[in-house]
Amino acid sequence: MSDFESLELRGVGRRFGGVDALSGLDLTIKAGEFVALLGPSGCGKSTALNCLAGLLPLTHGEIRLDGKRIDTLPPERRGFGMVFQSYALFPHLSVAKNVAFGLQMQGVPRAEVDARVRAAIELVKLGEHARKLPGQLSGGQQQRVAIARAVVLEPSLVLMDEPLSNLDAKLRLDMRTEIRRLHQSLGLTTIYVTHDQEEALSLADRLVVMREGRVQQVGTPDELYESPTSWYVADFMGYRNILPATVVSVAGGEVVVELPGIADAGVRLIGRAVGGLGAGDRVRVAVRPEDFTVVAASRVEPGSRVEPVETRVSTSSTSDGGSTSGGGSVPGSVAVVEYHGREFAVGVQAGDTMLHARSTTAPDVGGAVTLTAPVDRVLVFPEALDAVVPQAQEVAA
Ligand SMILES: Nc1ncnc2c1ncn2[C@@H]1O[C@H](COP(=O)(O)OP(=O)(O)OP(=O)(O)O)[C@@H](O)[C@H]1O
């Protein structure tokens with residue numbers, strides 16, 4: 001159980017040479033929370049975690065635990081547990097001895113060490129492997145030892161840096177569930193670094209999406225999934241179609257954009273504006289594959305008006321940006337169909353752009369199709385990411 005109320009990072013930054021690997025990180029973490037730091041390689045996730053752990057001194061800002069500064073303390077005095085991608089187990093020590101090591105260093109009496117080690121090993125379901133060496137275990141089992149070694153110390157905070165990335169897909173899923181179970185049953189506070197959005201969405205209570213050393217957006221999985229504030233975050237949240245476009249017109253919250261490179265006529269699409277937009281602005285349009293409907297071209301009557309309320313996508317090349325005559329969809333041809341269990345992932349080549357859609361039936365490869373999507377599922381963002389102001393990062397009381 002975490003024995004603090006909140007951990008506060010204020011303006012935390014780390015500079016290497018003249019380069020900011022991390023800057024202006026403001027974040028308050030409440031006891032019991034599971035927070036994931038999410039972003040591509042090099043965005044500063046590990047730097048943030050290492051600053052928290054005390055493995056890297058800060059160059060800016062401060063870290064406070066219940067109001068007391070801890071960024072000046074060495075790692076061992078912060079009382080945090082760490083789990084790394086590489087496991088970092090002692091190869092010559094048994095599972096039990098690896099788990100016992102930290103407690104012995106703290107001078108915990110032998111009988112207590114034995115009892116706590118046994119309990120921690122049972123917790124990660126390695127009871128029958130306690131006497132084995134790490135080299136005699138699978139990758140997943142070794143990662144369980146690393147987790148047991150961290151939680152046996154009853155840390156106030158557990159820091160995990162891509163702990164599952166060396167495991168195969170099935171084990172990763174199992175261990176993901178295991179980590180969430182341990183977090184809940186032990187009442188831990190966990191900060192978890194990953195570049196895998198699915199992992200972050202499924203594990204965390206709150207996500208911190210990072211870009212080039214800065215926070216891009218903070219929110220619950222639901223908030224980020226439903227309401228990304230930039231195309232960068234949308235990209236991480238499963239909006240696989242991120243299309244450069246130009247604004248033709250804006251009316252209310254709806255915006256008509258032209259997609260260069262998709263068909264010769266300049267396909268137009270109507271979506272929901274996220275942020276202030278005006279005619280002529282360069283934007284990125286984000287659509288999730290599951291929000292595109294794939295319609296075989298033969299089912300669309302030539303010259304007909306495809307129900308605009310549902311499709312809201314226009315192939316019109318009229319100059320007023322409002323007409324949907326002659327269609328209302330993005331035309332393309334099926335380039336690839338992948339079987340995904342209950343549905344198919346469909347790649348549609350539209351001009352020089354590959355669009356990604358989902359379908360419950362498999363369209364013919366090479367066949368002509370049109371893609372449609374409802375307006376409120378087509379998000380239109382300003383192209384410039386620096387214009388995005390991350391919203392409040394404090395936890396709701
Ligand atoms: N010791 C160092 N010296 C110089 N630059 C560093 C050092 N450590 C990290 N950096 C740089 O800081 C930036 C952030 O690195 P960091 O490891 O935090 O990213 P990351 O998001 O964790 O990436 P990955 O997922 O690949 O580990 C990168 O540009 C990296 O090259």
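Order of appearance sets the numbers: ligands from 1, and atoms from 1 within every ligand.
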Could Asp376 and Arg272 be called an ion pair, given the rule that one side-chain N must be under 4.0 Å from one carboxylate O?
no
Tell me whether Arg116 contacts the main-chain N or O of Val152 through its side chain, where contact means a donor paired with an acceptor under 3.5 Å.
yes
Residues lining ligand 1 [heavy-atom distance under 4.0 Å, listed by chain and residue number]:
Phe16, Ala21, Pro40, Ser41, Gly42, Cys43, Gly44, Lys45, Ser46, Thr47, Glu162
Salt bridge (charged side-chain N to carboxylate O under 4.0 Å, His left out) evaluation trace for Arg181 with Glu178
CA-CA 5 Å; Arg181 179 183 71 85; Glu178 193 72 5; 2.8 Å; yes
What donor-acceptor contacts under 3.5 angstrom involve side-chain atoms of residues 289-297, with partners at least two apart or in another chain?
from: Glu290; atom 1: OE2; to: Tyr225; atom 2: OH; distance (Å): 3.2

In terms of side-chain geometry, is the basic nitrogen of Arg118 or Asp114 positioned less than 4.0 Å from the acidic oxygen of its partner?
no
How about CZ on Arg180, more than 12 heavy atoms from neighbouring residues, nucleotides or ligands closer than 6.0 Å, or not?
yes
